[in-house]
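What follows is a set of notes on a single structure, which appears directly below.
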Amino acid sequence: MADANEVHGNEERRPDLVDGLMVQMARGRVAIGVAAFAAPGVAARVMGAAGGKDPARDLVTRIFASREIALGAGYLLSRGRGRAAWARLGLAVDALDTVAGVKSRKPRGGVRGVPLWASGGFSVIALGAAGLGAAKVAKDLTG
C-alpha cells in the first residue's frame, strides 16, 4: 500500500481504509509478537496467566509470538494475491483465537478457567481482528 495517493491514467486513487487498517494491524502483530517473544512472562501475565517461573508457559507464549510476527510480516511484505492470502490466513487464526478465548473461560477438571477480564478482553480483540480480516477478504473477493 502506498502512503501517497496513486495515479492511474487520469484517475487518482486514494489508499483504501480497510487496507490501511490491515497494515496497521499487521504492524501491531509484529510489535506484540516481538514484545511477547522477548518477555514471555510479562506477556502471559497480561493475558491472564499466573506469575512466577513457568518454562512451558513461556514456550507457548513464544510460539504465539512467532505466529504473530509471521502473520504481520507476511502481510507487510506481500502485495496483490500474496497479501490476499495472508489476509485469509490472519482471518482464520483470529476466528480460532476468538473461539479459544471464549472456551478458556470454562472450568475443566476442577481447574478454574481464565479470568473473565482476560478471556473477555482477548476474545473481543480477536473478534475485532477477525472482523477486519473478514472485511478485507470480502473486499478482495468483490473488488
Side-chain angles (χ1 to χ4, degrees), residues 1-6 8 11-143:
M1 182 179 113
D3 288 329
N5 295 340
E6 297 177 17
H8 296 278
E11 178 183 325
E12 185 177 325
R13 261 188 24 191
R14 296 188 184 275
D16 184 85
L17 176 63
V18 172
D19 292 327
L21 291 172
M22 286 293 292
V23 167
Q24 294 306 315
M25 184 167 69
R27 289 176 179 158
R29 283 187 194 276
V30 172
I32 288 169
V34 168
F37 198 91
V42 173
R45 280 191 301 281
V46 167
M47 292 188 286
K53 293 190 181 245
D54 186 345
R57 178 208 57 212
D58 291 352
L59 170 64
V60 172
T61 301
R62 284 190 170 116
I63 291 169
F64 155 80
S66 299
R67 180 195 73 174
E68 289 303 304
I69 293 167
L71 285 170
Y75 190 84
L76 292 171
L77 296 172
S78 62
R79 298 286 179 263
R81 287 185 181 184
R83 186 166 268 190
W86 280 104
R88 289 181 177 130
L89 289 169
L91 170 57
V93 167
D94 294 330
L96 290 169
D97 282 351
T98 302
V99 173
V102 170
K103 288 180 72 67
S104 70
R105 180 72 184 128
K106 185 176 181 182
R108 285 191 174 67
V111 178
R112 288 185 15 197
V114 173
L116 179 60
W117 66 266
S119 65
F122 182 81
S123 298
V124 166
I125 291 168
L127 183 60
L132 180 56
K136 172 64 174 156
V137 169
K139 179 184 167 293
D140 289 344
L141 291 173
T142 61

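Note that these values count all heavy atoms, side chains included, but never hydrogens, waters or copies made by symmetry. Note that this is a predicted model, so its numbers are computed, not measured.
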Any idea which heavy atoms bring [X] and [Y] closest together, and the distance?
X: A129; Y: D94; result: CB-OD2, 3.4 Å
X: G33; Y: E68; result: CA-CB, 4.1 Å
X: S123; Y: T98; result: OG-O, 3.8 Å
X: A36; Y: T61; result: O-CG2, 4.1 Å
X: A65; Y: F37; result: CB-N, 3.5 Å
X: A118; Y: V114; result: CB-CG1, 3.6 Å

| Carboxylate-amine/guanidinium contact D140 K136, below 4.0 Å | yes

| message | Between D19 and K139, does any side-chain N to carboxylate O distance fall below 4.0 Å? | response | yes

What's the separation between atom [atom1] in [X] and atom [atom2] in [Y], rounded to the nearest 0.5 Å?
X: M25; Y: I125; atom1: CE; atom2: CD1; result: 12.0 Å
X: I63; Y: D58; atom1: CD1; atom2: CG; result: 11.0 Å
X: F122; Y: L127; atom1: CZ; atom2: CG; result: 11.5 Å
X: D16; Y: L21; atom1: CG; atom2: CG; result: 9.0 Å
X: R105; Y: L116; atom1: CZ; atom2: CG; result: 4.5 Å
X: R83; Y: L77; atom1: CZ; atom2: CG; result: 9.0 Å

| For the side chain of R29 and the backbone of I69, is there at least one donor-acceptor N/O pair under 3.5 Å apart? | no

| field | S104 side chain vs S119 backbone, donor-acceptor pair below 3.5 Å | value | no

Do [X] and [Y] come within less than 4.5 Å of each other through their side chains, counting heavy atoms only?
X: D97; Y: R67; result: yes
X: Y75; Y: V30; result: no
X: R45; Y: V42; result: yes

